[in-house]
There are 2 protein chains.
Amino acid sequence: MSKERHTVEDVAREAGVSLMTVSRTMNGRPGVGEETRRRVLEIAARMGYRPSPVARGLASRRASSLGIVLPDLANPFFSILAKAAVDEARGRGVNVFIINTDERPSLERAAYASLREERIAGVVVAASRLPARHLREEAASFDWPVLVNSLVTGAGIANVDVDDEAGIFEAVSHLLGAGRRHVAFVAGPRESGSARRRVAGYKAGLAAGGIAFDPELLVRAKPDIEGGMRSVVALLSRERRIDAVIAHNDITAIGVLRGLEAAGRGIPSDVAVIGVDDIPYAALVRPSLSTVRIDIPELGRRAMAALLDLRDGKVFEPGPCLRPELVLRESSGG
Amino acid sequence: MSKERHTVEDVAREAGVSLMTVSRTMNGRPGVGEETRRRVLEIAARMGYRPSPVARGLASRRASSLGIVLPDLANPFFSILAKAAVDEARGRGVNVFIINTDERPSLERAAYASLREERIAGVVVAASRLPARHLREEAASFDWPVLVNSLVTGAGIANVDVDDEAGIFEAVSHLLGAGRRHVAFVAGPRESGSARRRVAGYKAGLAAGGIAFDPELLVRAKPDIEGGMRSVVALLSRERRIDAVIAHNDITAIGVLRGLEAAGRGIPSDVAVIGVDDIPYAALVRPSLSTVRIDIPELGRRAMAALLDLRDGKVFEPGPCLRPELVLRESSGG
DNA sequence: CTGTTAGCGCTTTCAC
DNA sequence: GTGAAAGCGCTAACAG
């Protein structure tokens, strides 16, 4: 067993068959006798032969690697999602390119172009920041697109989602039930599917609680700590009676926490705060953050599993949305 | 400008030159007349021609993509490092495979094997968990290995480091100066270069402060929240008088914080705690965490820049270690 | 400075 | 069921 890289030819010669028989065998494709297959497999294993993904990619016009594009790898939500996804992929022997779009649509489009050039055929797109039309178009350019938390659907595109609306609905209901009357909402990016669904849940929750939706209480922020802090300034300049804030995600909510402190508001005495995601730090910040919990690793695993299944020719069954769960901590006043 | 993918041949035909002239031009290689080069470039651009990274990889036996391997993408230190690194690479037009080894040496070795199969020629290895001998061997199997925070050096391998020892030395000195007498240390993985340097800094700090090193006060933990919590149990079972703990990194320190609280110790009244990294959450946990700050994005950028420079044939100049900086917050008692 | 000839290691297509 | 031929799109190694 030399240290050299072997090729199909070496294996073919050794097995006394043609190149193609080895190729077919390695790809588990039909057209090879049971006995031949077994022998080829055995010999390949003994020689330590591993097909070259690069050569395969060139010949088949389809790379063996996959891609995942996300807006901000520094947000624990995405890094945990990505970790789960790449781990799932590794378990099935595939490497994945992670592309960070920095919340910028232009970089996101460049990411797709780049992945196509690499002949990547399957992608997990987490929280796209592209307008529906463009995203649908981009997704269609891949053989196996999997969209996480997107409103964009279509033939040939798989969706893996969280029931954002229900989650926020519950959060709003809880706050109203606790007597809060001026519940503000710090929304995420306009093109984000979950941002839209969360806003919908917010409005539905208010309606169910008999409170009229006040546009003044809805602001949009960049989903990071900085964005959360700024949103507080905007909010308080519009309506000083705010007694609760729900933020698009935890990282934003943490910014809200700090912004409110800077503004001298007590939490939760003056203002209750609830985030979304339950990143590990939500439980550790001061005050600890109430949040709409999402099983992030499960979401990442599901998305990558869907992608791998599609690649293997299985049909994708959407399965139920992931159900988020309201976790009450200090920031919402128990 | 059709929507089709063009090949070198199309460009060559259009420009009335040979295949090779186009190839040389696209790679900025010598052997092409100034005028010809300009014309080819112009035509290629007009046609929207982009060389196929896959074909290139096959022909040159060297993929255009790079790799980064790290132990835990869920640790903000690594996700922020990775983000900075992939952003730097994207700026130069290259995609990178991120491989998460889950702190497991066996997965790390598998990662290298897998990257070699993809014909990846350059890798950034952040915080390897492999014994020096093996790591050196693995590194040598790549054209451009860049090791971050590793003790392993060698011809052809680039190192990007943080002055861990100085950072911990300062932390220990501070604690001793504040009157703490039983300073424990929760070390990181045995094979980690920074773990070793940090332990060295700890011992040096004690020595400088005239305190004898007590092996009972040094425990090793898996560098995550869970590991930090457990280390407290181990530590307190050995020596109840501990009045300060320095942890290998912030994520571990946060675990220590929780562990101490669970044990009924006041922070910083009974025990002072200091971490390393200054991940964004260090300032947000309760009590806020004092830490030895590292400029994480800069570290990631440096590593990837070194890799890209090596790839481009430039010589790597180590440059000075990144200097960490002690940041005092509540957990160390001001 | 430029072009020609061989592949890189596999899959595709079409024979048998 | 199996194999031979013809590339995939590019670069290496020579030749001029």
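Proteins get letters first, then strands, A, B, ... in listed order; numbering begins at 1 in each.
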Categorize A:Gly33 for me: base, sugar-phosphate, or nothing, with a 4.0 angstrom heavy-atom threshold over every strand shown.
sugar-phosphate
With a non-hydrogen cut-off below 4.0 angstrom, is A:Pro30 in contact with a base, only sugar-phosphate, or nothing?
nothing
Within a reach of under 6.0 Å around CZ of A:Arg190, are more than 12 heavy atoms found that belong to other residues, nucleotides or ligands?
no
Round to a whole Å and report the spacing from [atom1] of [X] to [atom2] of [N].
X	N	atom1	atom2	result
B:Arg119	D:dG9	CZ	P	19 Å
A:Leu19	D:dT2	CG	C1'	12 Å
B:Leu58	D:dT11	CG	P	12 Å
B:Arg39	C:dC1	CZ	P	15 Å
A:Glu118	D:dC10	CD	P	13 Å
B:Arg50	D:dC10	CZ	P	11 Å
A:Met20	D:dA5	CE	C1'	12 Å
B:Glu9	C:dT5	CD	P	13 Å

Which atom names give the shortest non-hydrogen contact between B:Val32 and B:Thr36, and what distance separates them?
CG1-CB, 4.0 Å
Restricting to non-hydrogen atoms, name the atom on B:Glu88 and the atom on B:Ala305 that form the minimum distance, rounded to 0.1 Å.
OE2-CB, 4.0 Å
Counting only side-chain nitrogens and oxygens, does [X] get under 4.0 Å of the OP1 or OP2 atom of [N]?
X	N	answer
A:Arg61	D:dC8	no
B:Ser23	D:dT11	yes
A:Thr21	D:dG3	yes
A:Arg62	D:dC8	no
B:Ser52	D:dG9	no
B:Thr36	C:dT2	yes

Distance-only donor-acceptor test (3.5 Å): side chain B:Arg24, base C:dG3
yes
Between B:Asp161 (side chain only) and B:Asn149 (backbone N and O only), is there a donor and an acceptor less than 3.5 Å apart?
yes
Just by modelled atom types, is the B:Thr153 backbone N or O under 3.5 Å from a matching donor or acceptor in the B:Arg136 side chain?
yes
Proximal nucleotide (of D:dC10, C:dC10, D:dT11) relative to the B:Ser60 side chain
D:dT11
Taking only the side-chain heavy atoms of A:Val17 (C-beta and beyond), determine which of D:dG3, D:dC10, C:dG9 contains the nearest atom.
D:dG3
Result for 5'-nearest mapping on DNA chain C, choosing between A:Arg29 and B:Val32, is B:Val32
Heavy-atom nearest nucleotide on DNA chain C for B:Ala59 versus B:Gly16: which residue maps closer to 5'?
B:Gly16
Presence of salt bridge, A:Glu298 and A:Arg302, under 4.0 angstrom
yes
